[in-house]
Amino acid sequence: MLTTERGRIVLGLFAITVLGIAAVYLFGGKDSNLVTQTVVTGLLLGGVYVLVSLGLTLIFGVLGIVNFAQGAMLAMAMYLVYFMVSSAGINPYLAVVLSAPIMFGFGWLVQSTLMNRLITDVGHSRPLLVTLGLSLLISNTLLMIFGGRPLNVPSPYAGSVQILGAIADVPRIIAFVGAVIVAGGLIVILRKSPLGLAIRAVAANGTGASLVGVNVKRIYAMTFGLGAASVGVAGGLLAPFTSLVPSAGDQFTTLAFVIVVLGGLGSVPGALVGGIFIGLLQTVGSLFLPGSGPLLLVFGMFVLVLFLRPQGLFGANK
Amino acid sequence: MTALGVAAPERLADLKRRLPTGARLHFSVLALVLVVMAFLPLVVPESALPVAIRTLVFAIMAVGWNLMSGYGGMFSFGHAAFFGVGAYTNAYLLTAFGVSPWIGMIVGAGLSAGVGVLIAYLCLKYKLAGSYFALATFAFAQMFLLVTLNMEFLNKSEGINIPLLPEESWSMLQFDQGSLYYYWIPLVLLGVAVAVSISFVYSRPGQFAQAIRDDPTAAESLGIKVMKYRLIPVALSCAVTAVAGAFYTQYYLFIGPDQAFGLHVSTDAIIPAVIGGIGTIWGPLIGAAVIGPLSAVVAGFLRDPPPFLEFLYGTSGLDIAIYAILLILIVVFLPKGIYGTIRERRRK
Amino acid sequence: MKKHTLVVVAVAVALGMSGCSGTSNVAAGGDSVDSVTIGSIHPLSGSLSGVGGLMNAGAKMAVADINEAGGIESLGGATLVLNEGDSQGKAEIGQSEAQRLISEGAVALIGTYQSDVTQNVASVAERAKVPLVIDVAVDDKILEQGYSYSFRIQPDATSMGASGARSLIAMGEATGTEIDTVAYIHIEGAFGGSVFEAFKTEAEATGITVADEITYSGANFSDATTQVTQALASDPDVIVVTGYFPDNLLIAEAVNALKPDIKAVFGIASGAYDDNSFPAAAGEAASNILSANYHYSATSDRVADIRTRFEAANGESMETASMLSYQAVEVIAAALEESGSVDPEVLRDAISALSLTDPLLEFNGPIEFDENGQNINATVVVMQVQDGAVEQVFPTEIATKEAILPAFSR
Amino acid sequence: MSLLVLDGLSKSFGGLVALGNVNLEIADREYLGIIGPNGAGKTTLLSVLAGQLRPTSGKIVFDGQDITGWSADRVASVGLVRTFQLMRPFESMTVLENVAIASHNKIRSIPKARDHAADVIDRVGLGTYKDAMSGTLPTAGLKRLELARALALEPRVLLLDEVLAGLVPTERAPIIDLLREIHQDGVTVLFVEHIMAAVLALSERLLVMHEGQQLALGVPADVIQDVAVVDAYLGEDY
């Protein structure tokens, strides 16, 4: 029942997207090369959004934490990679392998020392304020250590390739592929591993899970850790094409929330589909709307989804 | 005169009878607090005045936020929307039509209440609660920001400047730099906001709103119109917040999209209320009194550190990092906020 | 009754406060004082803390240099003291910092980098009757308020757009490069919008077509490929760009990836293209990008000396914004010297009447302010990234390298 | 004439029929007991009557007025008031405030509403807890609070959902007395309850429900003899 409904939604969204793009080709009055380029760029941008949202969908979906430190954690991961690349001279993509476990440890620590004290809280204000404080703390600590001047991580694979006549930046393609791999990895962990089973049990019913012997607080810490590790990978993959400033991640925080709600809380495939959809919407939108117009489009859609399907595209009915 | 003299005690007695003891106590404390605070500028250095004024603005916003989110139980993460509507209404009416800021303040409060009621009505109609409600209000604030950026008549991203007058004017709410009226006026506005809070909390609609917050199903089964009594605190909340916005514009003589609708505006309203204690009369004030000066105090301390901390001097970002740590610690270790925790201890 | 007493008390106290707080204000009229305080306000934390920190360091260095050279002679060798403020990039914090600095005795202010913060600080300065020397802040509107205490060293947005257009045209003629159509990509908002409008007016007057105007939101911009592709759809000779560092970088990278058949990427008031960290950050993509902007003089020995010492002291290259902060302190010091007074109102008149020769930036002449407070000789020069370094290429009198135009051979 | 008429009342959730074609006429001042195993649809019936759930089909007529599909607050204000099996106090409030919320429905003045609430509280025997925070009450106290809030609305029909559940026998007796008293004061009562002794002691008629259907209706003594009832009800629970 659920799978068919999901199937319908994916199919529907896919059809809407394809029809939308077709309409832009046919009636948009834009050069077809431009549209192709826009679609390719949108897909790749979607990959970036997916990377940033994957961690959040776990943290928001399982723990119910509106994590406003998501962007700052992303910046932290980027600086980690920068530090490893600039001091040890290692390949940035190798540095990702190291930054993910470090970020996992960081996330685990945050949840077990701070956030776990707040889980009995019925309101949402305290976890939110703590992550807000955390975000300030992280970005200002980065400022103290690295300064505010833009830094950069050179990609060993800089350059671009042609896809269907459109130009695509190699580091961005790597990030896109990375997004799919991370999503796949998370799906496997959640579906196949004992930890994943425990996480899903806790997400579905924390009290019930604790009754059958699951250490809920430990699972919470692991989940936040897993979310942070995803952010760690994201930071590493984005660093080669981002100007590193302590606030570099902030612009992604709000969009990540839009994507996670759109996809459905805690749904990894939802974040994947949602991220790509928002990337496309924003990029194709920018063909027709100047300046912040596409962003307005994104938020307008966000509110519509909240009203009409608050459980998100992939979320189970409440 | 005699008639008045005779009537007054009667009226007072009547008032006493109508007001519950709790409300009477709160009103007395409020009067005392206002009187004490009115003399505050006389003892603090002049350079602290801007910080004190900013703190008062925070406090008004927090009192407003607390009405909707503390007593109404609807967590707003988009109070910037209501602050901004108040600020821009005042700025626009003043610059385009020369309308007095006092009137602009009232119009802005009304408009903001209307906007807030509409947004909350939509959110409640579609049964958004908790984080979803918060994110929806946040999305509306963001949309207001983006729309303002594209509104020619609101000067787009440039914002609106309040023209400087050659001399002080009560009707145009403009005084000399450093005038203490800039302190006393928001103090009075804060007093009014708190008085509104107290009256609301102990009123019939206020009691209904709190019952709905605690348990909407039970409240409805007792004959309470849930939607109506949820929207009343929303309207009051938005109006109070809009007043803060209007005063902000008059004091800073400038409002832009980011100053009006930025994310930090929403958090400025939330932080003092949470730090002080959600759903309490005095929480927002105490929270503002702690948080408002905190970053200035930390920054001041670091500008002139004791000798053994000399090496910290000039490290940019350190003041905010310390502020962030203090914020986290207060939130984590005082679950009900400063005032809420104290009250709880006292009860036990 | 009660109210009146309150007012009286308050006024008395306010008077008392202003009396005791201004340690140096009272010693007006050529009296010798030990020290003179200048307040500086820059974004030392927040997203602009990088450039804010550099500017603050520039101002600090100017103060140190002046003190080392004997302080303000006409005030009996009084030393300068820099009281530093952090706007955090927020207008209201900037305003309260300005008030704090003034109440702590600053006789003049410098700052602030952002237009909205500067706007707020300017109104504080005006009301407190303390001069504000704006080092960086581009918006025309700041000086259009009719304020008499605000002065700006850098050119405003409109004049940058217009002179950017003139420079581009002149360079095209000088190198024999035909420039008929341009596409313009700029950040949404007052800054981008007013530079663009001025450019368009000037360019169209000389027969250049502005074929397309593409705007983007600075709040959310992580890939410029669409914008650049869109700009290329109108088949321009040159893509003109106005925006901040990260967006400029993205645009340069997108152009490099697309390798279009255009003659140049030409930044006007661009945050990145003449920044010394840009060539390293963009690598190949930086190569031959042009930028019309105000710039520290690359031909002056005095500037070279300041920059060398700055880099030695701070470990970072001294950018133009930082040089402007240095310059702003010099302007105030010169006015102090001229007036021999620490009365801010007298100081204002001195700044207004100033003619400061040997400016640290490539300007048309000495720093002199018009009745609005705008430096009349402020102008832009054109720079180009050549062999991994930012070089001045136009006008030819101040060029450090010859311009490469067409910039790309494709 | 009947005070409350249920005409073909049905409620289903998705494919699940929670209430199937209930037809019932309840006279003014009647005391109707409703029994049935868990999941029989008793609470659903109360929720539909109280307006919390909208019936899938059928009609509810109260005092000659069709109230089908009315919102819960409207139903409550015309005098059809329910209590909850799982008690739902307003936890941030004292006992007095909890009850005053209900009193406020008819009484606008705050002190008068409080006086009224205090009377009701005394009547249900919670007088000593008047100023206690409602969250701190023991189960028996919360049951009385539920009752007090409902009574403060001065209902014509009381819909009681297991007010005796979770109480030890010594706590039950005074509440049973109270319920009898309320009924004698002229209130019609629909009494969903598991405690058979109380049901038999109070009810004038007894409705037995099973899987959403009316199984039997009549004088308690007769109904209880019915074999089907024994099978359906006692067979499961005892």
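Here is the naming used below: chain letters follow the sequence lines, and residue numbers restart at 1 for every chain. If you're wondering where the values come from, they're calculated on a predicted model, not measured in any experiment.
Put simply, of A:V153, A:L143, A:V40, the one with the most heavy-atom pairs under 4.5 Å next to chain C is A:L143. Your options are A:P246, A:S139, A:G147, A:P150, and the one with the most heavy-atom pairs under 4.5 Å with chain C is A:P150. Options A:Q282, A:M144, A:K30, A:Q162 differ in how many heavy-atom pairs under 4.5 Å they form with chain C, and the most are formed by A:Q282. Interface check for chain A: of the options C:G53, C:A233, C:A219, the most heavy-atom pairs under 4.5 Å are formed by C:A219. Ranked by heavy-atom pairs under 4.5 Å with chain A, the first of C:T225, C:T215, C:D223, C:T229 is C:D223. When the candidates C:H186, C:E253, C:E284, C:Q230 are compared by the number of heavy-atom contacts under 4.5 Å with chain A, C:Q230 comes out ahead. Of the listed residues (A:S160, A:G291, A:S243), the one with the most heavy-atom contacts under 4.5 Å to chain C is A:G291. Ranked by heavy-atom pairs shorter than 4.5 Å toward chain A, the options C:S49, C:S222, C:S277 are led by C:S222.
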Checking C:E319 against A:R149 for the salt bridge (Lys or Arg N to Asp or Glu O under 4.0 Å) test, could you report, in this order, the C-alpha distance in whole Å, the side-chain angles of both residues, the deciding distance, and whether it holds? CA-CA 11 Å; C:E319 301 299 335; A:R149 297 283 291 152; 3.3 Å; yes

Passes side-chain contact (heavy atoms from CB on, under 4.5 Å), C:S47 versus A:D250? Steps please. CA-CA 9 Å; C:S47 60; A:D250 293 358; over 6 Å; no

Where do C:L258 and A:Q37 land on the side-chain contact (heavy atoms from CB on, under 4.5 Å) test, with the steps shown first? CA-CA 10 Å; C:L258 293 162; A:Q37 181 65 57; 3.7 Å; yes

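Minimum heavy-atom separation, A:N152 to C:A280: ND2-O, 3.6 Å. Counting all heavy atoms, side chain and backbone alike, C:N220 lies closest to A:Q251 at CA-OE1, 3.2 Å.
Heavy atoms closer than 4.5 Å to chain A are found nowhere in C:A282, neither backbone nor side chain. Heavy atoms of C:L54 lying under 4.5 Å from chain A belong exclusively to its side chain. Proximity to chain A is absent for every atom of C:I214, based on heavy atoms less than 4.5 angstrom apart. For C:A281, the parts sitting under 4.5 Å from any heavy atom of chain A are the backbone and the side chain alike. With a 4.5 Å cut-off on non-hydrogen atoms, A:Y49 touches chain C through its side chain but not through its backbone. Both the backbone and the side chain of A:L287 come within less than 4.5 Å of a heavy atom of chain C. Only the side chain of C:E316 has a heavy atom closer than 4.5 Å to any heavy atom of chain A.
Note that CG of C:L250 is 8.0 Å distant from OG1 of A:T242, once rounded to the nearest 0.5 Å. Atom OG of C:S217 sits about 10.5 Å away from atom CG of A:L296, to the nearest 0.5 Å. Separating the CG atom in A:L45 from the CZ atom in C:F221 is a distance of 10.5 Å, to the nearest 0.5 Å.
The residue from A:V39, A:T38, A:V284 that alone fulfils the side-chain contact (heavy atoms from CB on, under 4.5 Å) condition with C:T226 is A:T38.
Shown here is C:E204, whose CD atom has more than 12 heavy atoms of other residues, nucleotides or ligands within 6.0 Å. In this structure, A:F83 places its CZ atom where only 12 or fewer heavy-atom neighbours from other residues, nucleotides or ligands lie under 6.0 Å away.
In this structure a side-chain-to-backbone donor-acceptor pair under 3.5 Å is present from C:E188 to A:S292.
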